[in-house]
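In this text the structure is predicted, and so the values were computed from the model without any measurement. Whatever order the structure lists ligands and atoms in, that order sets their numbers, starting from 1.
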Amino acid sequence: GGTVSTYVERLMAAVEAKNPGELEFHQAVREVATSIELLLEREPVYREAKILERMIEPERVLMFRVPWVDDHGEIHVNRGFRVEMSSAIGPYKGGLRFHPTVDLGLLKFLAFEQVLKNALTTLPMGGGKGGADFDPKGKSDAEVMRFCQSFMTELQRHIGPNTDVPAGDIGVGGREIGYLFGQYKRIKNEFTGVLTGKGLEWGGSLIRPEATGYGAVYFAHEMLLTREDSLEAKTCLVSGSGNVAQYTVEKLMDMGAKVVTLSDSEGFVLDPAGIDNEKLTWIMELKNERRGRISEYAERFPGVTFTPYDPTADANPLWSVPADCAFPSATQNEINAKDAANLLAGGVYVVSEGANMPTSPEGVEQFVQAGILYGPGKAANAGGVAVSGLEMAQDSLRMAWPREEVDARLKEIMKSIHKQCRQTAEEFGTPGNYVNGANIAGFVKVADAMLDQGLV
Ligand code: NDP
Ligand code: 2IT
């Protein structure tokens, strides 16, 4: 019994006690639990059926040893994971992250976000996430291949096109998906759509590499339309310089906006003249072929400055650059309370999150209070997994749709996600609050499926 907010506090105390040290997971659950208080009050059935309690307990967690040999013959042991969070509305679906910070708590946060995100896409996908504490930086192609083969040698027994369909995330792109797919096919003797983000000649979908970045820009466009505004001539900040950042820049240029920043974990570049097509082509070659650092952009193009990160500073100077829009596209909690205040002070009134949970809770609170157009990751970056869903559909049909068709479907999906967020926020008395809209709309879809399917 008790009021809903005591319910949420009690739930959070239990989550913290039962999942010690999993700070990002606590953060993600608290945000959702707080958002859905309004819903739980209106519809007591969700509390009675313990829907949220069930949703935050993964259906299954796999943890495994990944041994591999480097080019000098030295043996390494990494830890591999797959968190199968929810299969209520479809097979587990979500990316793999290879990064030294990967641990169980990080992947549980990402898997939990994925469940609600996937529900918003309108496609039948459950949620999962996986990866390893492997650092691809500085590794040769041969080392990455041996790692991927060892990782898949274990993972293959747990996944399948109707069971669990992994994809890329930080540190996992086209190269890694290729090696993972090759090993899966070799062991299973089956050519199936068990991974998404595949190469175009072997079951991949057009627009999948572009989809997350394009989608985040389409989402910003939809938010701006509600104010009869557009991206034309807007100054934009983009962080990161990987897959999501690159295609965010490409689509922003397409829409007539000017992008003045990019970054990586060592610092950020400021290009007051704005990135153009020629510069973006150079960046893509730098990052995707030569696997270089973004600081090299400042050495190559005149008028560009590189600012290294100061780990002792209380704010990231990238977010102090005056602008209209921000597209955080690097990693979780890259915008703290001070950064959010700096963004608002610098004139930013559109934030569309390409990354997962890039803004700290205190930062989110400021964006919501300020009433800016703030699109949280699980809505704004859902274009990537949405086109993964379209890749699964094409694989099942043994067909490949043309670029225009996939892009048109992606646009439609981003529009629909935007509409669900808007309408739900309105319905629950918090108009314009995309955080509440995304969390409630995503939760209801999964929760209703769980009610239909009984206590599982
Ligand atoms: P990439 O590996 O292609 O690029 C990651 C970028 O972020 C790099 O520039 C990297 O810099 C930077 N970065 C990573 N970790 C940190 C860190 N701890 N501090 C500072 N910078 C960091 O990954 P993606 O572009 O695919 O992913 C970026 C974000 O988007 C992630 O949050 C991911 O979860 C999210 N996302 C990705 C989707 C996809 O389809 N790929 C879909 C939806 C969300 P460095 O090289 O120095 O590490
Ligand atoms: O966070 C994400 O949505 C992704 N990394 C993409 C997942 C997918 O299955 O395409």
- Item | Cation-aromatic face contact Lys411/Tyr214, 6.0 Å, 45 degrees | no
Residue [X] vicinity, atoms of ligand 1 by number, heavy atom under 4.0 Å:
| X | answer |
| --- | --- |
| Ser263 | 9 (O) |
| Arg293 | 45 (P), 46 (O), 47 (O) |
| Arg97 | 31 (C), 32 (O), 33 (C), 34 (O) |

Check ligand 2 against [X] and write out every atom of the ligand that is under 4.0 Å from a heavy-atom position of the residue.
| X | result |
| --- | --- |
| Ser388 | 8 (C), 9 (O), 10 (O) |
| Gly94 | 7 (C), 9 (O) |
| Lys117 | 1 (O), 2 (C), 3 (O) |
| Lys129 | 1 (O), 2 (C), 4 (C), 5 (N) |
| Lys93 | 8 (C), 9 (O) |
| Ala167 | 8 (C), 9 (O), 10 (O) |

- Hey, is atom 10 (C) of ligand 1 under 4.0 Å from any protein heavy atom? no
- What do you reckon, does His99 put a non-hydrogen atom under 4.0 Å from ligand 1? yes
- Minimum heavy-atom distance Thr196-Met392, with the two atoms named: CG2-CG, 3.8 Å
- Task: Report yes if some N/O of Asn381 lies less than 3.5 Å from some N/O of ligand 2; otherwise report no.
- Result: no
- Query: N/O to N/O below 3.5 Å, does that happen between Val165 and ligand 2?
  - Reply: no
- Give yes if a backbone or side-chain nitrogen or oxygen of Gly168 is under 3.5 Å from a nitrogen or oxygen of ligand 1, and no if not. no
- Item | ligand 2 versus Arg208: contacting region, heavy-atom distance under 4.0 Å | side chain
- Indicate, as side chain, backbone, both or neither, the part of Leu110 found under 4.0 angstrom from ligand 2 when only non-hydrogen atoms are considered. neither
- Does the ring centre of Trp202 sit less than 6.0 Å away from the ring centre of Phe191? no
- Who gets closest to atom 26 (O) of ligand 1 by heavy atom: Thr212, Val244, Thr101? Val244
- Message: Using the ring pair (Phe, Tyr, Trp, His ring centres under 6.0 Å) definition, which of the options Phe98, Phe81, Tyr179, Trp68 pairs with Phe151?
- Response: Phe98
